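Proteins come first, then strands; the chains are lettered A, B, ... in the order of their sequence lines, and each starts at number 1. The structure presented is a predicted model; accordingly, all values stated were derived computationally and were not measured.
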Number of protein chains: 2
Amino acid sequence: MEVDYKSHIPLHVQIRLILEKEIMSGIYKEKIPGELELMNRFSVARSTVRQAIRALVDDGILEKVHGKGTFISFKPVEEWLGSFRTYSEIVNEMGMKPDIRVLTQHETSSPKEVGRTLGADNFYLIQRVRYADEVPIGIEYNYYPLEIGYKLSQHNLNNASTYNLLENQSGLKLWEAKQIITARVPTQEECELLDIPNTMWVLFIERINNDQDGNTIEYEQSIYRPDMYAFVVSFDRKKI
Amino acid sequence: MEVDYKSHIPLHVQIRLILEKEIMSGIYKEKIPGELELMNRFSVARSTVRQAIRALVDDGILEKVHGKGTFISFKPVEEWLGSFRTYSEIVNEMGMKPDIRVLTQHETSSPKEVGRTLGADNFYLIQRVRYADEVPIGIEYNYYPLEIGYKLSQHNLNNASTYNLLENQSGLKLWEAKQIITARVPTQEECELLDIPNTMWVLFIERINNDQDGNTIEYEQSIYRPDMYAFVVSFDRKKI
DNA sequence: CAGTGGTCTAGACCACGAA
DNA sequence: TCGTGGTCTAGACCACTGG
C-alpha cells in the first residue's frame, strides 16, 4: 500500500488514510513506525509525514510522546464521554459505592418503536438496576441489534460497563451519541424497583449510540430518581 | 512587539501569543496579515508562521480561507452552544413560535447561595417566562454580578437572547459552561405561571457561565415542563 | 493577473527518553 | 550514546479568489 504520485489527492492525505487503515487493522501493537522510517517507506519529506500524523493526532487516533515515539491512542470510552460525566463518577464523588445488577436479559420484539430505531423487528434487551450504596437510584433498558446483544450476553453484565464491553470485546467503536433528557411518570413496577412513591416523577433519558458508519449499535432508555441523581454537562468553547 | 531569539520559548509559540493578544485587542478588523507579511515582520520562515496560525485556528480564534486570507472567527454563541441545542431551536423545530417575556428584574441579595456562587452579597436578577405558541413552558432565573446586570437592564429583554447581549453589547466572552440537570417539585407560584397541576414535577437546570479568566458572569436556574420540553445533547468522538 | 493559502522538499540543529 | 519527535530555514510550485 503505497502513495500515488499521479493522483490529485495530497500526499499527506493519502498517507493519513493508509496509516489509519493500518492502525484500524491492528498491524501495529501500540507504536507506529518513526517519522524517518515512514519518510523512506513513502519517499516523502519529513514534514509531509508529520502533517499526516498531525491529522491522526487531532482525530484522537494517535498520541505523540517526545523522545519515545508515536502511539496508538487507547483512550477509554469514559474519557470520550468526558463532557458528560458518567454515573459511576458522580456516585463515586459523593463517596458512595456504585453498582449495577441485571434484572432481565432476552430477545424481544417490543416495544415496536425500538425496532424502528434499530432497524429490525427483533432485538436484544438488557434491563439493569443501578445502585448507590445499595440504594436503587435508576433503571436502564439497553436495546441492541441481535448479533451484538448475544455477544454481550456471553459476559457477566453485573457491575460491568457495556460501553467497555462493546469496545474491547465486540470490536465496535462508539462514535457519536445523542441524548434526550426529560422527566416522566414512573410505572408501578418502576416505583417498586426504585422504592419511591408514585407521586414522584423520574428523570427520563433516551440515548442513541452510533458507530463510525452511522449504524445504531445501542439504544438506551434510563430512568433515575431526581432526588438522588442529576446530569452534569460541561462545555468549553476551545474544543468545539 | 517582536519575537525574542534568545528566549527558550519556541518562535511559533511567541508569535502565536503575540497574534492572539493583537487579535483580542481588536487591532485587526476581520482579516489578519498574510503569511508573507508575517514572515517579514517576525523574520521567520513561512512554516513557523503557519504553525503559529494553525494553533490559533485549532483554538477557534482564526479561520483560514484558501485564496482569500486568514480571518478572525466570529462564531455566534449559538454555534458554540452547538452540541447543546437551544430552546428556540427546539421550539422552532416543532413548528411553534418561541417567545420570552420578563416577569421581574431588580437588584437583590437572596437567595444567599447565589451570592456565594457569584462571589458578591448583592446581584441582579432577571426572571423571565418562556413560551411556545403562547403556552408557558419554562421559567428562567438569571443572576448576574451587579455591573453586568445593570448593563443588561438597559436593553429590552423581552424576546432577546441574553447570551447575544452579553457578547455583543457588554463585550464579555462566554468561555465555559457547566449544566446540572435534574427534576424537582415546582413552587405554587411556578405552578400558576406554567399553568400546571402541583402533582407535576418540573425539569430543573442550573447553569454556570464563565468567561475566559474563570470569572462567573452568569448563574442561571431554569425550570421546564417535562411534557413540553426535553434537553438534547449530542457528542461525537472526533472533536473531543 | 496578483495575492492568498496549500503542498512539498532537503536539510539543519535541538530536546527528550531509554539504555 | 542513539533514536525519537520538536523546531526552523529557504525555497519551489500549485490551487483558489478576486479584480
d(CD1, B/I15; P, D/dT7) in whole Å: 12 Å

With a non-hydrogen cut-off below 4.0 angstrom, is A/L36 in contact with a base, only sugar-phosphate, or nothing? nothing

So which nucleotide from D/dG6, D/dA15, D/dC8 ends up closest to the side chain of A/R46? D/dG6

I need the NZ-C1' distance between B/K31 and C/dT4, as an integer number of Å. 7 Å

Does B/T70 have a side-chain nitrogen or oxygen under 4.0 Å from the phosphate oxygens OP1 or OP2 of C/dT4? no

Quick check for you: to the nearest 0.5 Å, what is the distance between A/S222 atom OG and A/N142 atom CG? 6.5 Å

Between A/H12 and B/G69, which is nearer to the 5' end of DNA chain C once each is assigned its nearest nucleotide? B/G69

Between CE of B/M39 and P of D/dT9 the distance, given in whole Å, is 9 Å

Measure NE2/B/H66 against C1'/C/dG5 and give the value in whole Å, please. 5 Å

Restricting to non-hydrogen atoms, name the atom on A/I15 and the atom on A/A52 that form the minimum distance, rounded to 0.1 Å. CG2-CB, 3.7 Å

Side-chain N or O of B/K68 versus OP1/OP2 of D/dC16: is the shortest distance under 4.0 Å? no

Would you mind telling me which of D/dT7, C/dT7, C/dT9 lies closest to the side-chain atoms of A/Q51? C/dT7

Hey, is the side chain of A/T48 poking within less than 4.0 Å of OP1 or OP2 on C/dT7, counting only N and O atoms? no

Is a donor-acceptor contact shorter than 3.5 angstrom present between the side chain of A/R50 and the base of D/dT7? no

I want to check a possible cation-pi pair here: B/R130 against B/Y224, using under 6.0 Å from ring centre and within 45° of the ring axis as the test. no

Suppose we call two aromatic rings close when their centres sit under 6.0 Å apart. Are B/Y124 and B/Y150 close by that rule? yes

From the set D/dT9, C/dG5, C/dC8, return the single nucleotide nearest to any side-chain atom of B/L11. D/dT9

Length of the line joining B/F71:CZ and C/dG5:C1', which is rounded to integer Å: 11 Å

Working to the nearest 0.5 Å, report the span between CG of A/L165 and NZ of A/K151. 12.0 Å

Whole-Å distance between D/dC13 C1' and A/H8 NE2? 14 Å

In this structure, how many angstroms lie between the C1' atom of C/dC8 and the CZ atom of A/R54, rounded? 13 Å

Between A/E63 (CD) and D/dT4 (P), how many Å, whole number? 19 Å

Mapping B/E35 and B/S47 onto DNA chain C by nearest heavy atom, which one lands closer to the 5' end? B/E35

